[in-house]
Amino acid sequence: MEDKFERQIDYLRVSVTDRCNLRCFYCMPEEGIELKTHEEILSYEELYNIIKSATELGFKKIRLTGGEPLVRKGIVNFIEKLHQLEIDDLALTTNGILLSKYAADLKAAGLDRVNISLDTLQSDKFREITCSENYSLSDVMKGIKEAQRVGLTPIKLNVVLIRGVNDNEIEDFARLTIDSELIVRFIEVMPLGNNYDWVKEKHISITKVKEELNQFDSLIPAEEGVGNGPAKYYRFSKAAGKIGFISPISDHYCPSCNRIRLTADGFLKSCLMADKELNIKKAIRSESQADGLKKVLKQSILAKPKQGLGDEISADFESNKRLMSQIGG
Ligand code: SAM
Ligand code: SF4
């Protein structure tokens, strides 16, 4: 489907849970968030019906996210069911903690690939960033290896850049692409919820990161590959992998936006940066389901603002202030 600004919208990001086994300090408060009740969260059957309607409207790419999608019980069976739909790219974004346990089953169920979020390659810092005592960097590293072994590829490693936290590891991350087919993506931290002042202080511009990496070795523009999202790709000469840059702040990617988002509690977000959302749960829990779902999906596509921070207001839209963990990235 096309939106009002002639963008093809064929990508649905689906948050399957608001729960997470980590507490990355820039994403979720250490004490956690007020979790939705079981009844508030869409069931797998409801998620399946919404995704099926989306594929019938022409959505070709589906990404499962969270919270942490691998903490929701039954995720492998759910993916097996989704695999029967007409989806070109079925992917999942994870913190990687449970990936060594699930990678083989996820692959067998029909998942195409994973994106793994990792903001540091240092064990102590990993504990600090994720505020976690139960899990460690080595869990994620094992997860990456297992995902590579079973072929959940190409694997994209997402690194959110934060001044004073991981800006001294940019080269270390980039080096990972030399011998392995990993795609390391540097992402500018985004303002969401109430963290605008904090983000201003901690933001690192992708332009600066490119300058730093170009001193290490020349960055050569590379093919986009799978995903067709907001990242711009480069590689070092002789490198097996690639480096991607996602700069929501220093370089607006809105003109090429191809997605809408479904939250775990059943709201459609036309734009990551807009608070206004459509309640699709109401449609799915009413009687005339199938038509209703398509209608709300279309309404969400047509409400996409030209540029982030847009506020598409009509009586059907509700205003919800969410953290990233409640949206899914
Ligand atoms: N738990 C999974 C994970 O960490 O990959 C999936 C959900 S998480 C919300 C998705 C992505 O959002 C992660 O890569 C995380 O680093 C990113 N994220 C969270 N808060 C962010 C922010 N304020 N700016 C940019 N990225 C953010
Ligand atoms: Fe959890 Fe992912 Fe947010 Fe970290 S970034 S707290 S792993 S949802």
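In listed order, ligands and their atoms are each counted from 1.
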Rounded at 0.5 Å granularity, tell me how far CG in D124 sits from CD1 in I129.
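Reported value, rounded in 0.5 Å steps: 11.0 Å.
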Distance, nearest 0.5 Å, that separates CG of L118 from CG of N95
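Spacing of CG (L118) from CG (N95) equals 9.5 Å.
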Once you restrict to heavy atoms under 4.0 Å, what part of V199 touches ligand 1? Side chain, backbone, both or neither.
neither
Within reach of ligand 1, part of V160 (heavy-atom separation under 4.0 Å):
side chain
Using heavy-atom distances, let me know which of Y26, W198, F25 sits nearest atom 16 (O) of ligand 1.
Y26
Please state which option from M324, R63, K202, K156 has its nearest heavy atom closest to atom 21 (C) of ligand 1.
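Of the listed residues, M324 has the closest heavy atom.
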Cation-pi, Y11 ring and R261 (6.0 angstrom, 45 degrees)
no
Qualifying residues under salt bridge (Lys or Arg N to Asp or Glu O under 4.0 Å), relative to K232, sequence neighbours excluded
D251
NZ/NE/NH1/NH2 to OD/OE distance under 4.0 Å, D89 and R113
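Yes, this pair counts.
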Heavy atom of G67, distance to ligand 1 below 4.0 Å
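It does; at least one heavy atom falls under 4.0 Å.
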For ligand 1, which atoms have a heavy atom of T65 less than 4.0 angstrom away?
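Within the 4.0 Å cut-off of T65, ligand 1 contributes 6 (C), 7 (C).
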Just which atoms of ligand 1 are under 4.0 Å from any heavy atom in S117?
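Listed by number with element, the hits are 3 (C), 4 (O), 5 (O), 13 (C), 14 (O).
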Would [X] count as being in polar contact with ligand 1, using the rule that some N or O on each side must be under 3.5 angstrom apart?
X    : value
N158 : no
E68  : yes
D119 : no

Should F236 and F216 be marked as a ring-ring contact (aromatic ring centres under 6.0 Å, His included) after you check the CA-CA gap, both sets of side-chain angles, and the distance that decides it?
CA-CA 9 Å; F236 292 137; F216 173 70; 5.3 Å; yes
Listing by chain and number, which protein N, O or S atoms are under 2.8 Å from atom 1 (Fe) of ligand 2?
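Protein N, O or S atoms closer than 2.8 Å to atom 1 (Fe) of ligand 2: C20 SG.
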Determine whether F245 and Y233 satisfy the following criterion, ring-ring contact (aromatic ring centres under 6.0 Å, His included), listing intermediate values before the conclusion.
CA-CA 7 Å; F245 299 104; Y233 290 101; 8.9 Å; no
Parallel under 30°, tilted from 30 to 60°, perpendicular over 60°: which one fits the rings of F25 and W198?
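Rings of F25 and W198: perpendicular, as their planes differ by over 60°.
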For K60 and N258, does a side-chain donor sit closer than 3.5 Å to a side-chain acceptor?
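N258 and K60 do not have a side-chain donor-acceptor pair below 3.5 Å.
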Is there a path of hydrophobic side-chain contacts, each under 4.5 Å between heavy atoms, that joins I41 and L293?
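No.
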Is it the case that over 12 heavy atoms from other parts of the model lie below 6.0 angstrom from the CG atom of D167?
yes
